[in-house]
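Chain letters run A, B, ... following the sequence lines, proteins first and then strands; every chain starts at 1. These values consider heavy atoms only, across backbone and side chains, with no hydrogens, waters or symmetry-generated copies.
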Amino acid sequence: MSTASDPTAAALTEVRSTDQLRTGPAGPVLEIRGLDIAYRSDLGDVRAVRGVDLALHPGKVVGLCGESGCGKSTLAYGAVRLLRPPAIVTGGSVVYHGKRLEDRHPGGFDVLAASDAGLKELRWREIAIVFQSAMNSLNPVLRVEDQIMDGIRAHMKMGHEQVHERARELIEMVGIEPERLRAYPHELSGGMRQRVMIAMALSVDPEVVIMDEPTTGLDVIVQKEILREVLELKARLGFSVLFITHDLSLLLEVADQVVVMYAGQVVETAPTIEVRTGGTHPYTRGLLGSFPRLRGPRVQLTGIPGAPPDLRSTAAGCPFQPRCAFARDACATVDMVLAPVAGAAAGHLSACPFVAPGEPLPASAIAINSPTGVGSDPGTEGSELVLSGVDLRKDYGGGRRGVVSAVKGVSLDLHRGRVVALVGESGSGKSTIAKLLAGQERRSGGHILLDGKEIEPSRRGEFRRYKSEVQMVFQDPFASLNPLHTVRYHLQRALSVHSVRTGRKPTVTEIDRLLDQVKLNPVEKFRDAYPHELSGGQRQRVSIARALAAEPRVLLADEPVSMLDVSIRLEILDLIAELRTKFRLAILYITHDIASARYFADEILVMNRGEIVERGPAEALVQNPTHPYTQLLIASSPDPDTFASEVPGQAAMFVRDGLAKEVASE
Amino acid sequence: MSTATLTPSPTRAATIGGWPLAFLRGVLATWRRLPLKAKIGITILVLFILVAIFGPALAPYNPNTTTTQSVPEAPNIHHLFGTDSSGGDILSQMLTGTRSTVIVGLVTGVVATILSVLVGIAAGYLGGYADEGLSLFSNIVLVLPVLPLLIVILAYEPHSGSTVTIALLSALGWPWGARVIRAQTMSLRNRDFVLAAREVGEPAWRIIVFELMPNQIGLIAASFVGTVLYAILTSVALAFLGLTNLSVWSLGVILYWAQSGSAVELGAWWWYVFPGMAVAFLGMSLVLINFGLDELSNPRLRASRSMRKLGRRNWRPADPTPVILDYAELNR
């Protein structure tokens with residue numbers, strides 16, 4: 001383990017030396033069998049979890065992944081009975097085999113039969129949870145210290161001094177200076193808050209830690225640091241982790257066993273190493289095929305078209321069948337049953353009886369290709385320059401608190417038919433650039449040139465004309481459509497505002513044409529739908545259609561897929577790429593995900609702290625990053641493909657550590 | 001979650017059968033979704049409005065009738081709510097007087113709500129100096145002591161009638177609503193769909209009317225109901241003090257006569273209890289509607305309060321996840 005070099009290593013060994021029992025035999029510490037969980041609703045029960053088996057062994061990390069709504073969080077919270085009515089556990093068993101509870105509960109602690117008091121003994125003390133959003137889980141008006149100490153006092157009888165000492169110990173353990181104990185949550189960065197959550201979870205030394213998307217919303221560099229710490233602590237303290245995430249590529253780095261869920265059921269469970277080589281179930285393979293890779297040659301991406309099924313339906317057959325590339329007639333009648341995969345390691349089960357590991361995808365499945373062709377930058381010759389930002393600056397604040405410069409002199413050119421990716425972490429100023437170029441915000445300095453002529457987009461008279469050339473697609477498709485208006489209204493308005501210039505009247509025919517362009521077919525089904533009736537991907541298509549109504553030449557896409565499920569991101573990017581070719585759009589693609597920029601863009605600009613630190617043709621930049629920040633960014637991104645020096649029993653993310661540490665020390 | 005399934009919304013499903021039927025169905029569907037409190041409140045309010053419309057026609061006596069008697073008559077078969085000291089029928093006075101009280105309430109509600117929406121949305125959406133100015137103005141109006149001010153102004157014109165009352169109550173009753181609507185507008189202003197509407201090139205007035213306002217209709221309705229309540233209570237209080245045209249019947253005027261006729265000393269409880277209860281019921285109906293609107297717009301209020309019956313017992317929100325392994329029992 002690489003922890004030997006860790007400065008806190010010595011301190012860590014002193015913690016919990018009494019737990020010699022942790023090294024006991026390898027029975028599972030948490031065993032879930034045939035768990036069924038339903039949500040009662042007036043329109044029929046939503047069967048969110050159906051017959052799930054899961055075993056968490058001591059000291060292991062089990063990763064649970066799947067699209068949103070697949071039941072992964074319901075499973076985890078239901079297993080410790082934290083779900084509120086109308087959620088009901090309707091079947092199965094959950095047994096916890098904790099060392100400390102062995103005397104009183106010889107056959108294991110039956111969670112489903114436990115009383116309110118019994119559960120209090122179990123939760124936090126035995127099974128702790130790290131919640132997804134640290135900002136919402138920490139009380140904003142209490143100091144971090146008090147919150148940690150409250151948790152300890154609730155479960156352990158200790159004097160004030162001891163509790164205080166323990167809090168110090170915990171905060172140091174997760175890599176925060178003890179002085180920060182006096183801080184309020186808002187004074188800490190997102191990463192630090194998440195570390196505090198982890199410290200709180202570990203405060204009374206639980207045997208199982210459930211981590212629900214612990215790093216979602218954090219930047220990749222911070223994410224990696226935190227995950228590394230979790231794994232080091234796990235090795236030292238010996239707890240087990242149930243790690244919930246939508247990001248399969250992350251699991252491949254941290255988990256020992258991967259459990260993939262779809263529509264409330266487990267479709268595949270396998271030792272991580274077997275999933276790295278491609279997985280077996282078509283859904284797992286679809287998920288793996290949805291991640292753009294950073295290293296190695298560009299591989300073809302497949303994605304998973306379509307949307308998950310309605311969990312109220314009780315229809316027989318495989319729920320994945322409508323989206324499956326391997327689907328055959330038998331799928332409609334055969335219920336999914338997990339069965340060992342022939343020729344694979346023990347513990348590798350798949351719910352698909354038809355597809356064997358390594359079976360090539362049918363030709364029909366390769367619907368989504370890498371949009372721009374392999375690694376070729378068409379260059380800027382022959383494509384005229386439309387929009388450029390010269391030395392753009394944006395300052396916020398002023399007055400007592402001083403000025404914060406979000407953007408410090410950024411220049412970029414957008415050519416027709418070309419995609420420029422602006423890559424950076426949160427707070428790097430990349431979204432501010434989009435807002436400046438869109439005219440949503442007034443810039444503090446610099447120039448915006450449209451067709452070589454200087455323009456002031458936010459000026460009253462010019463704004464609408466500018467909008468007919470430069471349109472923006474927003475990040476959050478759930479927020480960017482007015483919930484009270486139909487799709488028809490949204491498109492009608494966009495058409496009618498620009499009808500003088502485009503010559504297109506806001507008629508049904510025109511609305512249908514727009515819907516067809518973004519592949520919302522059949523159009524009748526979507527025309528009069530309200531946003532809440534659409535999935536995230538469909539909403540984002542409506543947003544794109546609305547932007548296209550003005551027939552713009554420039555499209556600013558601010559993280560257009562980051563709020564969407566992994567499986568449908570590719571579809572949306574593919575759509576934007578297709579429109580780019582069709583209308584010769586100049587596209588600015590803003591993202592935190594450099595791997596997707598590699599696939600989608602011709603040119604990449606890497607941004608850090610308001611400045612562009614490196615720019616170049618996409619493929620060349622990713623292959624040979626020169627700036628240390630770019631190198632760190634690439635090294636921190638999870639990537640399913642680099643497991644060359646795999647050591648059994650050791651999480652893959654340590655393998656690349658050499659590189660990351662080298663860069664960080666520069 | 002599978003949001004892809006397109007469930008037809010009630011409004012669209014109702015296109016068969018022409019618009020009056022569709023409208024009725026829509027009303028019925030909305031009614032069913034209302035919390036019990038709102039249903040009770042609306043029922044009482046509708047009763048009062050019906051009385052306001054048809055009451056004068058239904059009154060068994062002329063409310064101004066005076067007889068030679070000088071003692072109030074207790075409720076009896078001829079005068080269900082009794083009479084005042086000069087023989088006027090209290091029931092008839094109430095049936096006649098409800099109209100003016102309800103009108104003052106509703107008209108003030110409409111005028112003051114329009115003012116608060118205009119000021120609130122303008123301040124919230126425009127921001128900057130416009131916001132500073134409008135906020136300052138509404139805060140000044142807010143801290144004016146309403147009742148003393150009204151008394152002073154109405155004392156100049158003691159028998160001025162309801163028009164002046166309405167005008168004054170409207171002029172003083174809008175700032176609360178304006179503050180709430182301003183706050184809501186400010187939070188909506190930065191929502192993506194408003195930015196997206198700007199991105200489309202929509203003019204500001206369209207953004208305000210078609211994007212911002214429909215999204216705070218619940219708030220506007222609540223502010224309207226609150227203002228109506230305020231107007232009714234205040235106008236009753238003013239009439240009770242005699243600061244209105246006493247020759248026009250209203251619930252407050254009955255109370256004024258009861259007070260000046262020494263109803264309490266005479267033990268004529270019916271003289272003030274019935275009109276007093278009418279005011280109380282009218283106020284209660286509005287409060288209930290407001291609570292109901294609150295619950296409607298904030299589902300969490302509903303979910304957290306109501307115990308849920310699943311299987312054999314009720315579950316509180318703080319209970320651990322129910323385990324009901326017998327699915328058949330659950331569906332019983």
Side-chain angles (χ1 to χ4, degrees), chain A residues 36-37 40 43 68-69 77-78 81-92 112-114 116 119 306-311 438 440 463-464 467-468 471-472 474-476 479-485 490 493-494 497-498 525-526 528-530 532-536 538 543 546-547 549-550, chain B residues 1-13 15 32-33 188 190-204 206-207 210-217 300 303-304 306-311 313-331:
Chain A
D36 284 316
I37 300 174
R40 293 239 102 179
L43 302 166
S68 53
Y77 291 125
R81 297 187 55 202
L82 270 176
L83 297 173
R84 287 177 168 192
I88 317 164
V89 176
T90 57
L112 297 191
D116 222 346
L119 286 169
D310 183 357
L311 293 176
Q440 295 268 11
F463 188 66
R464 192 181 276 203
K467 282 295 97 178
S468 66
Q471 277 284 317
M472 184 163 160
F474 289 81
Q475 172 175 15
D476 185 354
S480 63
L481 298 176
N482 190 331
L484 299 174
H485 294 316
H490 282 108
R493 286 307 307 159
V497 165
H498 299 284
K525 198 176 141 197
F526 295 99
D528 292 304
Y530 283 89
H532 71 91
E533 297 169 323
L534 304 176
S535 70
Q538 289 166 342
S543 292
R546 173 172 59 184
Chain B
M1 215 45 62
S2 156
T3 42
T5 47
L6 291 168
T7 43
S9 69
T11 44
R12 258 195 301 142
T15 40
R32 272 201 214 101
R33 279 190 299 131
L188 282 173
N190 291 322
R191 293 270 285 279
D192 275 1
F193 67 82
V194 176
L195 296 180
R198 266 204 353 229
E199 196 53 28
V200 160
E202 294 272 30
R206 266 206 87 101
I207 293 179
F210 290 95
E211 311 287 336
L212 290 174
M213 258 174 53
N215 274 292
Q216 28 191 330
I217 206 79
R300 214 175 279 175
S304 68
S306 65
M307 307 230 285
R308 272 185 170 268
K309 190 163 166 49
L310 296 172
R313 56 166 282 200
N314 284 314
W315 297 85
R316 283 170 297 135
D319 280 332
T321 315
V323 178
I324 302 171
L325 299 181
D326 185 356
Y327 205 70
E329 179 199 359
L330 184 66
N331 290 322

Quick one about A:Gln440 and B:Glu199 (side-chain donor to acceptor, distance below 3.5 Å, no hydrogens or angles considered), yes or no? yes
**Report entry** side chain to side chain contact (heavy atoms under 4.5 Å, CB included) evaluation trace for A:Val89 with B:Ile324
**Finding:** CA-CA 6 Å; A:Val89 176; B:Ile324 302 171; over 6 Å; no
When rounded to the nearest 0.5 Å, the distance separating CG of B:Asp319 from CZ of A:Arg81 is 9.0 Å
Honestly, the part of A:Leu112 sitting under 4.5 Å from a heavy atom of chain B is both
Closest heavy-atom pair, B:Ala196 versus A:Ser480, reported as atoms and distance to 0.1 Å, is CB-O, 3.7 Å
When rounded to the nearest 0.5 Å, the distance separating CE of B:Met213 from CG of A:Leu484 is 12.0 Å
_Could you go through B:Thr321 and A:Arg84, starting from their C-alpha distance and side-chain angles, then the distance that decides it, and tell me whether this counts as side chain to side chain contact (heavy atoms under 4.5 Å, CB included)?_
CA-CA 5 Å; B:Thr321 315; A:Arg84 287 177 168 192; over 6 Å; no
Most heavy-atom pairs under 4.5 Å with chain B, out of A:Arg493, A:Arg546, A:Gln471, belong to A:Arg493
Checklist entry - Does a side-chain heavy-atom distance below 4.5 Å link A:Asp116 with B:Pro320? => result yes
* Please check if the side chain of A:His490 supplies one atom and the backbone of B:Ala197 the other of a donor-acceptor pair under 3.5 Å. => no
Between B:Asn215 and A:Pro483 the two heavy atoms that sit nearest each other are OD1-CG, 3.8 Å
Does B:Glu211 offer a backbone N or O that forms a donor-acceptor pair with the side chain of A:His485 under 3.5 Å?
no
Cut-off 4.5 Å, heavy atoms of chain B, and the answer for A:Ala550 is neither
Tightest non-hydrogen contact, residues B:Pro322 and A:Ala87, listed as CD-O, 3.2 Å
Between A:Leu481 and B:Phe193, is the side chain to side chain contact (heavy atoms under 4.5 Å, CB included) condition met? List the steps. CA-CA 5 Å; A:Leu481 298 176; B:Phe193 67 82; 5.6 Å; no
For A:His498 and B:Val200, the nearest pair of non-hydrogen atoms, with its separation, is NE2-O, 2.6 Å
* To do: Can you establish whether the number of heavy atoms outside B:Arg191 located under 6.0 Å from its atom CZ is more than 12?
  => no
Go through it in stages, so that I can follow the logic: the residues are A:Val497 and B:Glu202, the test is side chain to side chain contact (heavy atoms under 4.5 Å, CB included), and I'd like the CA-CA distance, side-chain angles, deciding distance and then a yes or no. CA-CA 7 Å; A:Val497 165; B:Glu202 294 272 30; 3.9 Å; yes
